[in-house]
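Data first, discussion second: the structure below is written as structure tokens.
Keep in mind it's a predicted model, so treat the numbers as computed, not measured. Residue numbers begin at 1 in each chain, while the letters A, B, ... track the order of the sequences.
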2 protein chains.
Amino acid sequence: MSGRKAQAARNDELILQAARAVFTADPGAPIAAVAEKAGVGISALYRRYPSKEALLQKLCGDGLKLYIEVTERALAEEGDPWEAFAGYLRGIVDADTNSLTIKLAGTFQPTEELGRDAMRAGALATEIHRRTVEAGVLRPDLTTADIALLLEQIASIRVGDERRISELRHRYLTLMMDALRLPPARRELPGPAATDEELSSRWWTGS
Amino acid sequence: MSGRKAQAARNDELILQAARAVFTADPGAPIAAVAEKAGVGISALYRRYPSKEALLQKLCGDGLKLYIEVTERALAEEGDPWEAFAGYLRGIVDADTNSLTIKLAGTFQPTEELGRDAMRAGALATEIHRRTVEAGVLRPDLTTADIALLLEQIASIRVGDERRISELRHRYLTLMMDALRLPPARRELPGPAATDEELSSRWWTGS
DNA sequence: ATTATAGGGAACGAAGTCTTCCGTTCTGCA
DNA sequence: TGCAGAACGGAAGACTTCGTTCCCTATAAT
């Protein structure tokens, strides 16, 4: 398979990736920014999605499915309960679905399927949290919602490029896990620390 | 002093409070939203500030000055180094200057004075951080910029009303301080935990 | 050669925003 | 009591931005 069909298939993926990147950085971004980032025209978008809202729903749905997948994988883990939970947290941070899903909440009408997936995601999160607390390796004075909010905090970090963002998020996730784990333990933090330059650079070009 | 002059003076404060509340919740909010929240007309705003940008600069400047004030107060503390640092962190969270200052960065031209204040704020933050590390009560593998980013994460929490937001922020700040402090210690978390309802409610009305 | 399909991007209409402007109210003072 | 002008409310103007449509071209399949 090659030629026109191949380019169309490639564009399918290109557009989705671009949309995810653009809307993650700025949930209110115009649709033209997605087209530009993907290197295609606007009609390439409208050929695939009838409206902006449809594209956002697709993106949000994909994010939820990824979240569910990561959580199910962690639940299937048989070994050390803490390691399973830690892997879950790292997986969510890597998947980076919080940035999109949360920021877009309320900007469009949630579909039927989206609601169902959200429900399932919530159930899974509750399950892995319960299991980890019962194993006695996680601070019991935190709810599932607390954990979710902590993950959102980490997702709010946006400094430098994609790679640096991930690095810093894992750094602070490790720090946070030190506060979560039972019995108390303290590990070395991954990645180079943040610098003053990284902070102040945001004052010159738009966020 | 009363009558028209009094109302004008009252409006001065009313407008600033409204602007802080509105732009904290949504940095891109229209100026009309500020007027409505303050219960005044648009001309009341333009009588005081020549443009939207001027208002934002004023807001940002006030935030920086408050930040500086809080930090200087913590530096003047004579007692336990950890308590001084903890008080500093709590003060910054209460002042809630990060939400505004950071989100607005890059949306307007920083003035001369603003740059100077930002410089001074940075120096003070470095100083209290250095002092606390040297006292041996703060994890040494974190930079001043790391601490700043951690505070930004906490400022990103926005769930429910003003009161609840503050409560949750202090809850997670306490958790975070458990991970920061030397020697390792663990305290009870303040405030009621987050609930699933608080999270899911964001799906129905705008963020 | 012809038709069908994908795509590029200008054009359009609607919505939103900052700013200005004008008429009105009310105070302080002569 | 009368008046100058500060303070104000809010509609109108001028402009920008954004989602969507439309028209045309390029290419692949027949």
Side-chain angles (χ1 to χ4, degrees), chain A residues 1-60 100 103-104 106-109 111 206-207, chain B residues 1-60 100 103-104 106-109 111 206-207:
Chain A
M1 158 170 131
S2 84
R4 201 71 173 200
K5 283 272 175 60
Q7 181 183 359
R10 242 177 301 125
N11 279 353
D12 283 348
E13 194 53 34
L14 231 51
I15 286 173
L16 272 180
Q17 282 185 340
R20 225 169 57 84
V22 167
F23 287 129
T24 296
D26 174 15
I31 224 168
V34 176
E36 190 181 14
K37 175 112 183 176
V40 302
I42 295 181
S43 9
L45 290 189
Y46 275 89
R47 171 157 297 274
R48 291 167 175 79
Y49 305 96
S51 67
K52 183 184 191 180
E53 178 157 327
L55 173 57
L56 289 179
Q57 285 172 344
K58 165 72 169 165
L59 245 44
C60 218
L100 249 189
K103 284 185 179 178
L104 260 47
T107 67
F108 62 85
Q109 180 83 11
T111 69
S207 80
Chain B
M1 157 168 135
S2 84
R4 201 71 173 206
K5 282 272 176 61
Q7 180 184 0
R10 241 177 302 125
N11 279 353
D12 282 348
E13 194 54 34
L14 229 52
I15 286 173
L16 272 181
Q17 282 186 339
R20 224 169 57 85
V22 167
F23 287 129
T24 296
D26 175 14
I31 223 168
V34 176
E36 190 183 13
K37 175 111 182 178
V40 303
I42 294 182
S43 37
L45 291 189
Y46 275 89
R47 168 158 300 275
R48 291 167 174 78
Y49 305 96
S51 68
K52 183 183 190 180
E53 177 158 328
L55 173 56
L56 290 180
Q57 286 172 342
K58 164 73 170 164
L59 244 44
C60 216
L100 250 189
K103 285 185 178 176
L104 260 46
T107 67
F108 62 84
Q109 179 85 11
T111 68
S207 81

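An OP1 or OP2 oxygen of dA7(D) is reached within less than 4.0 angstrom by no side-chain nitrogen or oxygen of Arg48(B). Between Asn11(A) and dA6(C), a side-chain N or O to OP1/OP2 separation shorter than 4.0 Å is absent.
For Pro30(B), the side chain to side chain contact (heavy atoms under 4.5 Å, CB included) partners are Ala33(B), not counting sequence neighbours. Arg48(B) is linked by a side-chain hydrogen bond (donor to acceptor under 3.5 Å, both in side chains) to Asp12(B), counting only residues two or more places apart in sequence or in another chain. Under the side chain to side chain contact (heavy atoms under 4.5 Å, CB included) criterion, Ala32(B) pairs with Ile42(B), sequence neighbours left out.
Within the structure, no pair that satisfies the side chain to side chain donor-acceptor pair (under 3.5 Å) test touches residues 15-40 of chain B, not counting sequence neighbours. Applying the salt bridge (Lys or Arg N to Asp or Glu O under 4.0 Å) definition to pairs two or more places apart or across chains, those involving residues 51-60 of chain B are Lys58(B)-Asp62(B).
Here the straight-line distance linking atom CG of Leu55(A) with atom OH of Tyr46(A) works out to 9.0 Å at 0.5 Å rounding.
Atom C1' of nucleotide dC22(C) and atom CZ of Arg47(B) are separated by 13 Å, given to the nearest angstrom. For the pair Leu56(B) CG and dT17(C) P, the computed distance is 14 Å after rounding to whole Å. Summarising the geometry, the separation between CG on Leu14(A) and P on dA6(C) is reported as 17 Å, rounded to the nearest angstrom. Whole-Å rounding puts the Asp26(B) CG to dG16(C) P distance at 14 Å.
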When you compare the protein's N or O atoms with those of nucleotides 17-22 of chain D, which come within less than 3.5 Å of each other, and at what distance?
from, atom 1, to, atom 2, distance (Å)
dG19(D), OP1, Lys52(A), NZ, 2.2
dG19(D), OP2, Ile31(A), N, 2.7
dT20(D), OP2, Tyr46(A), OH, 2.6
dT20(D), OP2, Lys52(A), N, 2.9
dT20(D), O5', Tyr46(A), OH, 3.3

